[in-house]
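To find a chain, count down the sequence lines: A is the first, B the second, and so on, and within it residues start at 1.
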Protein chains: 2
Amino acid sequence: MSPVPVSDDPVREVRERLLDAAEKVFYARGIQAVGMDRLRTASGVPLKRIYQLYSCKDDVVCAFLRRRHDRMMGAIAGYVARAEGPEQRVFALFDWLYDWFGEPDFRGCAWMNAFGELGPTNAAVAAEVHRHKDAFRELLTGTVRDAGYPAVVADAVYLLVEGAVVAAQLRRDAEPAHEARRGAEILLRAARG
Amino acid sequence: MSPVPVSDDPVREVRERLLDAAEKVFYARGIQAVGMDRLRTASGVPLKRIYQLYSCKDDVVCAFLRRRHDRMMGAIAGYVARAEGPEQRVFALFDWLYDWFGEPDFRGCAWMNAFGELGPTNAAVAAEVHRHKDAFRELLTGTVRDAGYPAVVADAVYLLVEGAVVAAQLRRDAEPAHEARRGAEILLRAARG
DNA sequence: TAGTCTAGAAAACGATCGTTCTCGACGTCA
DNA sequence: TGACGTCGAGAACGATCGTTTTCTAGACTA
């Protein structure tokens, strides 16, 4: 039908379906706890097709982390962009955090989970984690600095956010987002004098 | 020689040797990445003996986490006890943090690493993690509250510490302990009015 | 000394992992 | 219609896992 030999649309569709399933199941249960056969069951993509798209399991893991990174950074940027005024843009970070923590399948930071599990033994995954975390930190501290606050406040706000992610994962509760926001409010007020 | 049939001293010695090796190798490389055979090699304790002391690998994991918990809580309490004055007791938390981050084999929070890896699939490990994290959080926030600061400050200090652990693990650097301390200084000063 | 028990090294076991291969069904074009 | 190519389902493969068993050497007791 189409003059192009093989349209890459169906390829893209299968790839998306695979990465959707990979993200869901790897994030929910951990990476080593999920075998390729479960990935096949969850995605409906045959094993042979999976290995045509990615050369090995590690590549699937890295691909799912990369796509999650793009989506998460976009989501945060959206929250920040919708806020009005520099101070509100900082608080928008905590709005995003609260909404994220409230998602029913929230289970902490996918990159830290992967790093704790595979960091020492898997260089490709470790590199993906560092890539994400550098950008994440820069986005957060940049938002605070762009609002006119000093670096010491930006660094502390970043640590509050990372701490809140850990606390929310442990308690299965969105409240740490509020605790972190209240801490940030004190920091900003003190910096404003 | 001894009238007691079997002294439990050698048993205790073997157990300590096993848990020393388990802690070193599980913490350094992750739990699922370390097989029982590597544990045997690292500890010098025969496989048969390991399974006489613990019924399965999960039990070894829980035992190493419990012993690490006791040591860590004792170490923090020591830093706090040696400080003079309520404010210095809060700052002692960050002294401990800095020294911990500086240890050559530092690789983040052993419990969060285990939780990310095994939390969804291993109830015994998950329970051990919650036990530790509840006590850890109570020790930190209690230290801040006992120094006369309100709960909102105590919660924020706790989040700063958790965030610093994550940041130090990622950057392989003790500097996040200082960033967290500077954030705490601002919080305490603001709370003092 | 003969018999009994213990302990360690290493093989063995069944399960599961990531990855590859086989094989039959189906669509397409001459 | 028939040859060819592609595809998915699932078996198969070698490696490795947690766990159990075997085998042998040595210590102790009567």
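Taking each heavy atom of D105(B) and Y27(B) in turn, the nearest pair found is O-CE2, 3.2 Å.
Regarding L47(A), its CG atom lies at a distance of 9 Å from the C1' atom of dT20(C), rounded to whole Å. The distance between atom CZ of R40(A) and atom P of dT20(C), rounded to the nearest whole Å, is 17 Å. In this structure, CG of L18(B) is placed 13 Å from P of dG8(C), rounded to the nearest angstrom. One atom, CD of Q52(A), and another, P of dT20(C), lie 12 Å apart when rounded to the nearest Å. Put simply, NZ on K48(B) is 10 Å from P on dT6(C), counting in whole angstrom units. Distance L53(B) CG to dT20(D) C1': 16 Å, rounded to the nearest Å. When the C1' atom of dG10(D) is taken as reference, atom CZ of R49(A) falls 18 Å away, rounded to whole Å.
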Review item, side-chain donor-acceptor pairs of residues 108-116 of chain A, under 3.5 Å, at least two apart:
{"residue": "N113(A)", "atom": "OD1", "partner": "Q169(A)", "partner atom": "NE2", "Å": "3.4"}
{"residue": "N113(A)", "atom": "ND2", "partner": "R107(A)", "partner atom": "O", "Å": "3.0"}
{"residue": "N113(A)", "atom": "ND2", "partner": "C109(A)", "partner atom": "O", "Å": "3.4"}

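A search for ring pair (Phe, Tyr, Trp, His ring centres under 6.0 Å) contacts involving Y98(B) returns H178(B), not counting sequence neighbours.
Between D37(B) and R40(B) there is a salt bridge, with a side-chain nitrogen of the basic residue lying less than 4.0 Å from a carboxylate oxygen of the acidic one.
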Identify each atom pair where a protein N or O and an N or O of nucleotides 16-18 of chain C are less than 3.5 Å apart, giving names and distance.
{"residue": "dG18(C)", "atom": "OP1", "partner": "K57(A)", "partner atom": "NZ", "Å": "2.3"}
{"residue": "dG18(C)", "atom": "OP2", "partner": "M36(A)", "partner atom": "N", "Å": "2.7"}

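Under 3.5 Å, the side chains of Y149(A) and R192(A) contain a donor-acceptor pair of N or O atoms. At a cut-off of 3.5 Å, with distance as the only test, no side-chain donor of Y158(A) or E138(A) sits close to an acceptor on the other residue.
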